[in-house]
Amino acid sequence: MLKQNDILFQRFRFRGRHYVCLRVDTDYALNVQTVHATPIPTESERLRDGFLARPLKRISGAELTEIQPLRARQLSGTYYPVTASPCQSLDLITPDSMDYETEQAILAMKQDVGGDTAKYACGRLRCTLDELQQFLSAEQVDATCMAIRAIEKGGGFILGDQTGVGKGRVAAAIIRYAVANTKRPPLFFTIKPNLFSDLYRDLCALGCAHYRPYIVNATDSNILDGDGNLVYSHAGNPREGEYDYILCTYSQINSDKISAKRREFISARAAGAICILDESHSASGASSTTNYMYELLATRASGALFMSATFAKRPDNMLLYCSKTLLRNMFETGSTDIDTQREQITGAFANGGVPLQEVVASQLVAAGQMLRRERNFSGVEVNYVTLDGSAKQFGLRDYSVEHAKRSDTVTALIRRIIDFQRTYIQDIIDSYNSQNRTGSIGQGGREKLGMKNTSLFSRLFHIVDTLLFSLKAEATADLTIARVRRGEKVIIAFSKTNEVLLDTPATEQDADSFSKVLTNALRSTRFVTITNGPQGSGAYELTLPPAAAKEYSRIEGEILKTFQGGDIQLPVSPIDYIVERLEREGIAVAELTGRRRRV
């Protein structure tokens with residue numbers, strides 16, 4: 001009897017063709033009664049309109065005995081680049097669900113370009129073979145050739161490589177290709193303006209430092225070289241016809257009135273140009289920005305490169321890719337209205353879940369419109385260091401007692417802030433709302449009017465996460481110093497930089513201390529929003545009555561006293577603490593975080 005775990009979300013063969021099981025109906029013992037599956041498209045079916053929008057295949061009764069589950073061989077397969085030496089290989093792997101399709105796609109690409117991808121890349125990038133091997137790895141050459149091949153067919157290419165493979169280098173190669181082979185400057189879109197500098201450095205690595213950008217963003221968009229020197233800025237933008245490529249963040253093309261002129265500027269220059277969308281999942285979703293980008297790519301751009309390791313992060317991300325890939329055919333909805341298309345495509349992916357994403361991704365790869373690789377960490381030893389007595393085996397001391405003391409101290413102060421908000425702030429809010437819920441106030445509806453305040457509970461995860469980050473800074477520095485003294489090279493990776501804390505106002509007492517986290521939390525309790533109040537709606541900072549102000553000052557003083565001169569020392573910026581410790585030991589430190597502010 002077929003069990004649920006044997007077939008759900010698995011590939012299987014049924015009557016000569018392959019399917020993916022999306023849903024099952026079972027009895028109380030999880031014996032499968034009915035299988036609901038989608039067929040894996042053949043090469044001809046990939047281009048057939050609306051293929052994946054069809055109803056699911058229903059298999060039940062005696063037909064279940066004809067199902068032949070196809071077990072995955074392994075979680076990943078080795079990626080073998082078709083670009084031969086002298087380009088260096090990065091030793092990458094690709095997901096098993098698209099391993100076969102990847103191999104077939106890059107072999108087909110190699111045949112299409114004449115059997116020599118390095119020679120093809122040199123011709124398109126206008127460089128020598130010696131220069132190419134300095135510019136790109138073998139895997140990056142493969143991706144560049146695949147992208148160029150898709151763009152020259154008027155389509156798009158999705159580069160879903162994980163971090164560390166070099167998506168930025170491929171983006172720079174496509175910009176070089178566009179400048180050398182087209183008459184239109186390419187457009188590069190990304191999520192944050194500080195990433196413009198990263199792209200510039202990739203262009204420098206490809207011998208394109210002389211390319212002149214037009215920077216759409218007016219603020220925080222200076223392009224810096226590797227030493228932090230200013231190279232290009234919005235204020236120094238070239239005149240029309242004198243720039244080689246255009247840089248823009250997605251925030252610049254939102255649907256507000258301010259960005260209307262920018263949209264006109266972008267639309268005019270996208271006609272016949274290549275568009276490169278970095279972190280492309282950020283340009284897609286249920287927003288007017290997606291509508292604009294879809295129209296831009298579908299009707300004006302000559303080709304597109306989408307770059308994101310999480311390109312299919314949510315079902316509503318998928319509409320954007322329909323503009324330039326085979327998804328346009330596979331999910332043909334019969335409607336020209338973008339909102340209707342988004343609703344139908346989003347519904348299909350929401351119902352299909354992960355199995356449908358696997359099918360679609362593998363078909364994009366098979367069609368030569370996608371690659372997804374990652375670094376191979378097999379054989380890499382991973383050690384988890386617990387900062388208690390067991391840390392001695394790594395040359396560290398036992399930090400558990402002092403960490404417990406610091407944690408208890410901080411959590412006690414957090415409880416004081418929560419009690420203050422409950423006791424004093426909530427009384428102010430209740431009093432205001434009781435006085436202003438009558439009469440003509442709140443014509444928009446009583447349930448929408450009044451004063452509200454965000455509970456500190458909603459910020460607890462962030463505060464505790466920051467506390468743990470700060471607690472581990474000392475041990476991280478100690479371990480790094482010990483490893484460097486053993487002659488090892490050390491890379492320290494962080495999940496965040498805490499730069500946002502440096503952006504907020506600080507007093508002289510808490511500028512470089514963890515006390516800033518708690519004083520910010522305390523001050524946040526005083527901020528309220530008022531809807532349909534006597535003076536209208538908006539955000540306000542409360543003026544506290546005497547008793548509340550006295551308690552507020554008492555808690556604030558206790559926070560500052562705890563972290564100033566006492567034995568509870570926690571840095572507000574662990575990265576700066578670690579860097580200072582290492583440099584004090586004579587260790588040279590290079591940072592790749594892209595931070596603009598430091599302690």
Side-chain angles (χ1 to χ4, degrees), residues 121-128 131-132 134-136 140 144 147-148 151-152 166-253 259 261-279 283 293 296-297 300-305 307 594 596:
C122 288
R124 292 300 193 271
L125 299 181
R126 309 289 174 85
C127 65
T128 66
E131 288 174 329
L132 183 68
Q134 296 175 22
F135 294 164
L136 302 170
Q140 290 163 355
T144 300
I148 292 174
I151 289 170
E152 290 183 345
K167 293 191 292 292
R169 197 60 64 90
V170 176
I174 296 302
I175 290 177
R176 177 169 176 142
Y177 161 79
V179 172
N181 296 275
T182 70
K183 298 180 180 180
R184 306 287 294 180
L187 292 86
F188 179 85
F189 298 92
T190 190
I191 188 170
K192 294 180 180 179
N194 64 332
L195 296 174
F196 296 161
S197 295
D198 293 342
L199 177 67
Y200 168 75
R201 289 189 280 270
D202 280 317
L203 283 167
C204 289
L206 264 73
C208 303
H210 60 286
Y211 283 8
R212 297 158 298 176
Y214 184 96
I215 305 172
V216 176
N217 294 61
T219 58
D220 296 326
S221 57
N222 290 341
I223 294 180
L224 309 178
D225 63 17
D227 298 320
N229 301 313
L230 177 65
V231 183
Y232 296 109
S233 67
H234 173 83
N237 272 340
R239 291 179 297 181
E240 189 66 32
E242 296 182 354
Y243 51 83
D244 298 296
Y245 60 104
I246 298 170
L247 299 173
C248 181
T249 61
Y250 300 119
S251 64
Q252 300 299 296
I253 52 175
S259 63
K261 290 185 178 180
R262 298 193 190 105
R263 286 193 173 195
E264 292 177 7
F265 174 87
I266 293 295
S267 295
R269 284 146 189 83
I274 295 172
C275 291
I276 301 169
L277 282 71
D278 183 33
E279 302 295 347
M293 292 302 298
L296 189 77
L297 297 173
R300 304 190 70 80
S302 64
L305 171 63
M307 300 193 303
R596 300 188 303 274

Working to the nearest 0.5 Å, report the span between CG of Leu296 and CZ of Arg263.
10.0 Å

Minimum side-chain heavy-atom gap Ile223-Leu247 below 4.5 Å
yes

Do Gln140 and Arg169 pass the side chain to side chain donor-acceptor pair (under 3.5 Å) test, and can you show the C-alpha distance, the side-chain angles, and the key distance before you say yes or no?
CA-CA 7 Å; Gln140 290 163 355; Arg169 197 60 64 90; 5.1 Å; no

Applying side-chain contact (heavy atoms from CB on, under 4.5 Å), run through Tyr177 and Thr144 and close with a yes or a no.
CA-CA 9 Å; Tyr177 161 79; Thr144 300; over 6 Å; no

Arg262 (side chain) donor-acceptor with Cys248 (main chain) under 3.5 angstrom:
no

Is there a donor-acceptor pair under 3.5 Å between the side chain of Asn229 and the backbone N or O of Asp225?
no

Taking all heavy atoms of Gly168 and all of Leu199, pick out the closest pair and write down the distance.
O-CD1, 4.4 Å

Nearest heavy-atom contact between Ala171 and Met307 is CB-CE, 3.5 Å

Are the side chains of Asn194 and Asp220 in touch, meaning some heavy atoms are under 4.5 Å apart?
no

Using a strict cut-off of less than 4.0 Å between a Lys/Arg side-chain nitrogen and an Asp/Glu carboxylate oxygen, indicate whether Glu240 and Arg269 qualify as a salt bridge.
yes

Here the pair of heavy atoms bringing Ser251 nearest to Asn217 is OG-ND2, 4.4 Å

So do the side chains of Met293 and Phe189 get within less than 4.5 Å of each other, counting heavy atoms only?
yes

Compare all side-chain heavy atoms of Ile276 with those of Tyr245 and state whether any distance is below 4.5 angstrom.
no

Is it true that a side-chain atom of Ser221 and a backbone atom of Pro193 form a donor plus acceptor pair closer than 3.5 Å?
no

Minimum heavy-atom separation for Pro213 to Tyr243, with atom names?
C-CB, 4.2 Å

Kindly compute the distance separating CZ (Phe196) from OG (Ser233), expressed to the nearest 0.5 Å.
12.5 Å

Leu203 CG to Phe135 CZ distance, which is reported to the nearest 0.5 Å
11.0 Å

For the student: nearest non-hydrogen atoms of Ala209 and Tyr200, plus distance:
O-CE1, 3.9 Å

Could you tell me whether a side-chain N or O of Arg176 sits under 3.5 Å from a main-chain N or O of Leu206, the two making a donor and an acceptor?
yes

Ion pair Lys192/Glu279, N-O distance below 4.0 Å:
no

I need the Ile148 CD1 to Asn181 CG distance, nearest 0.5 Å.
7.5 Å

Is the ring centre of Tyr214 less than 6.0 Å from the ring centre of Phe265?
yes

So do Leu125 and Leu136 actually touch side chain to side chain, heavy atoms under 4.5 Å?
yes

Apply side-chain contact (heavy atoms from CB on, under 4.5 Å) to residues Tyr211 and Ile175 and explain how you reach the verdict.
CA-CA 10 Å; Tyr211 283 8; Ile175 290 177; 4.2 Å; yes

Is any side-chain heavy atom of Ile274 less than 4.5 Å from a side-chain heavy atom of Leu305?
no

Please check this pair: side chain of Glu131 against backbone of Thr128, looking for a donor-acceptor N/O pair closer than 3.5 Å.
yes

Gap between atom CD1 of Ile174 and atom CD1 of Ile151 - 0.5 Å precision:
4.5 Å

Least distance between heavy atoms, Leu187 atom then Ala273 atom:
CD1-CB, 3.8 Å

If you define the side chain from C-beta out and look only at heavy atoms, does anything of Ile191 sit under 4.5 Å from Thr249?
no

State, without any angle test, whether Asn237 and Arg212 hold a side-chain donor-acceptor pair at a distance under 3.5 Å.
no

Just so I know, are the side chains of Val179 and Pro185 near enough to count as touching, which here means a heavy-atom distance under 4.5 Å?
no

Charged N-O contact under 4.0 Å between Lys261 and Glu264
no

